[in-house]
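Okay, handing you the structure first.
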Amino acid sequence: MGIATLTRFTVTNAAAAVAALVAAVGCAGPAGEAPPAPSPAASAPASPPAALSPPGVPGYRYEDPADVCHRFAAALFSADTTVDGGPTDGQLRAAGYADAALAATLVRPTVDGRWPLWREHRARLHTQVRGHADSEAPVDSTVAAYRAVLVAATPVGVHGWRGWTQTTLLHCTLAHVTLAGVGAQWRVAGYTLAPLPGAP
Amino acid sequence: MTGSLKVALGAAVTLLLAPCGLGLLAVTALDAAGARTLCTPAGPSAAPAGDGTWPAQGSWSAEQVGHAATVVTVGAGPGIPRWGWVVAVATAMQESSLHNLGHLGNRNDHDSLGLFQQRPSQGWGTPAQILDPAYAATAFYRRLLQVPGWQQLPLTEAAQQVQRSAYPDAYAKWQAEATALVDVIATGLRLVQDCAAVPGGWALPLSAGSYSLSSPFGPRWNRFHFGQDLAAPAGTPIHAIAAGTVVAAGCTSSRCDIPGSLDMPGCGLTVKIDHGGVGSMYCHARDLTVHTGQKVAAGQVIGHVGSTGHSTGNHLHLQIHRPIPPFTNATAVEPVGWLRNVGLDVAGAAR
């Protein structure tokens, strides 16, 4: 997979589905409570079909696990302080590529100590994602797939301010799940993050 | 940070961490340029102004960087390894966004306070103590050092053992930022450690530009990878990273005369070298040019890249062990960062 620039996508439907999911699983905190962090949980790769449908991206077919992982990473590392309400919005977008269990953790409100400075500069993340061949990847099966991507994200302000470029390896564990009314889809069931060795 | 503050912090931390058995010799704050050439850190750096305030770095404000610097300095004083500094800074990024938080009223989580959101009711100290960033960092390190094998744990697990968070996996997303901030601060303060000087210096395991970094050290996919993979064409010469004695050289899989696979356990054709307290291990070679007991020089060819054993493509799997003996998973350290600390830039020499 070549380097691709993040493309934003419509999340209206995904956000609505996320809201329903939050209500269903009871993850929403009381208003005004200090927001807890999300939990990018490790996962069992071959999870059974989820009882609750995770949010989805309209028109996207979820057929290629590599592309699902790629889009998940791009969404997770997306931020635009001129549009987003806060750092949780990127996670909400990523939830559109996750299975129900992971989506439930991604929709938890989060805090990000970098956000105030980004907002001050009216910054957005310029994110590039490319496939990474990890020599330790397990063999895929019909119900589980393993992919890795390299993510380079740089906050850039509207007047030229630039923060650090963070280069991160994201390892996806994908599950082939069957969703009611939709059929089988590849969804990210878990992920791990690690800085690329030697990267700034 | 001013010299007097550095000394005061070091003294306080030494007293508080003394029961942990840490000495002061493992880390050296170099104030004289070039005192130990091998260990001179490189890369972006920042330094505090004369009044002790730090400049903003990346997406972090001056105040946040100052708090991170306190956390790093407290860890460096008694010789806690750099990984501990990263764990601590990442934890503070998650818990407080690197702000020394007082009581937040209705929004406060129980009686949590300070950089690490420590709770007086849970024995972390008095509110006044916890709101002292140096004290808070010291308390964090003190509990971290009590976690068995914390240096080999993923950041999430190490932090969680100390913090007991309801959302332990949240720490992981801060590892890259924390690593970068720690590097900038440590370089600016000229904090170096693990300065394992060896006769003849250090050498790249593969020639510069002949390899790319593939699978790094660390957890993924419910496993832990204990080395760094360097992908390179078959036959690329493998060099000893330093002078030493070969303590093992041979096939560690059922067969090494055929290409490896994920069904074949073991490291394939493998060399282990003792550099005097530090060990290096080279896996999956196509062939070896050294034998057990042989003395080798830094940069000497010890074999050639292949794909024997548990492997699907040509690469060198490099492990660094410290201290040795033994060569076990428990003594494996992250190779790229460790070698960078001794002046060898494996990542920078990759293509």
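We name chains A, B, ... by the order of the sequence lines, and we start the count at 1 in each one.
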Point-to-point distance, once rounded to the nearest 0.5 Å, from CG of A/Leu193 to CG of B/Leu155:
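Going from the CG atom of A/Leu193 to the CG atom of B/Leu155 covers 11.0 Å.
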Quick one, A/Gln91 with B/Lys173, criterion side-chain contact (heavy atoms from CB on, under 4.5 Å). Give me CA distance, side-chain angles, the key distance, then yes/no.
CA-CA 12 Å; A/Gln91 296 178 188; B/Lys173 72 176 180 180; 4.0 Å; yes
Which portion of B/Leu101 sits near chain A, non-hydrogen atoms under 4.5 angstrom:
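Neither; nothing under 4.5 Å.
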To the nearest 0.5 Å, how far apart are CZ in B/Arg220 and OH in A/Tyr146?
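Taking CZ in B/Arg220 and OH in A/Tyr146, the distance rounds to 14.0 Å.
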Disulfide (SG to SG under 2.5 Å) contacts in which one or both residues fall within residues 76-152 of chain A, not counting sequence neighbours
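Found none.
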Any pair with a residue in residues 61-174 of chain A that passes disulfide (SG to SG under 2.5 Å), sequence neighbours left out, goes on the list, sorted by first then second residue, please.
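Counting only pairs at least two positions apart or across chains, the disulfide (SG to SG under 2.5 Å) contacts touching residues 61-174 of chain A are A/Cys69-A/Cys172.
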Under a 3.5 Å distance rule, please check whether A/Glu136 uses its side chain to pair with a backbone N or O of B/His225 as donor and acceptor.
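Such a contact is absent between A/Glu136 side chain and B/His225 backbone.
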Hey, what do you get for OG1 (A/Thr192) to CZ (B/Arg223), rounding to the nearest 0.5 Å?
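CZ of B/Arg223 is found 12.5 Å from OG1 of A/Thr192.
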In terms of heavy-atom pairs under 4.5 Å with chain A, which of B/His99, B/Gln57, B/Met93 leads?
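Sorted descending by pairs with chain A, the first entry is B/Gln57.
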Non-neighbouring partners of B/Ala349 that pass side-chain contact (heavy atoms from CB on, under 4.5 Å), sequence neighbours left out:
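Partners of B/Ala349 by the side-chain contact (heavy atoms from CB on, under 4.5 Å) criterion, ordered by chain and then number, come out as B/Leu204, B/Ala208, B/Tyr211.
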Atom group of B/Leu98 that falls short of 4.5 Å from chain A, counting heavy atoms:
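For B/Leu98, there is no contact with chain A at all, as no heavy atom is under 4.5 Å.
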Judged by modelled atom types alone, do B/Ser59 and A/Trp118 share a side-chain donor-acceptor pair under 3.5 Å?
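Their side chains do contain a donor-acceptor pair, which is all the 3.5 Å distance test asks for.
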So if I take each residue of residues 153-161 of chain A and look for any heavy atom under 4.5 Å from a heavy atom in chain B, which residues do I end up with?
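Counting heavy atoms that sit under 4.5 Å from chain B, the residues of residues 153-161 of chain A involved are A/Pro155, A/Trp161.
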Contact summary for B/Gln64 and A/Gly113, nearest pair of heavy atoms
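It is NE2-O, 3.0 Å.
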For the residue pair B/Pro216 and A/Leu169, establish whether any side-chain heavy-atom pair is separated by less than 4.5 Å.
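They are in side-chain contact.
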Which atoms of A/Ala137 come close to chain B, meaning under 4.5 Å heavy atom to heavy atom: side chain ones, backbone ones, both, or neither?
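Looking at A/Ala137, backbone and side chain both touch chain B.
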Could you tell me which non-hydrogen atom of B/Ser214 sits nearest to which non-hydrogen atom of A/Ala133, and how far apart they are?
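Taking every non-hydrogen atom into account, CB-O, 4.0 Å.
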Shortest non-hydrogen contact from B/Trp221 toward A/Arg147
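B/Trp221 and A/Arg147 have their closest heavy atoms at CZ2-O, 3.3 Å.
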Specify the closest pair of heavy atoms between A/Asp112 and B/Trp174, including all atoms of both residues, with the distance to one decimal.
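Heavy atoms only, the tightest pair is OD1-CH2, 3.2 Å.
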Less than 4.5 Å to any heavy atom of chain A: does that hold for the side chain of B/Pro154, its backbone, both, or neither?
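No part of B/Pro154 comes within 4.5 Å of chain A.
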Atom OG in B/Ser97, atom CZ in A/Arg114: separation rounded to 0.5 Å?
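One gets 9.5 Å once the value is rounded to the nearest 0.5 Å.
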Under 4.5 Å from any heavy atom of chain B - which part of A/His171:
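Its backbone and side chain both get close to chain B.
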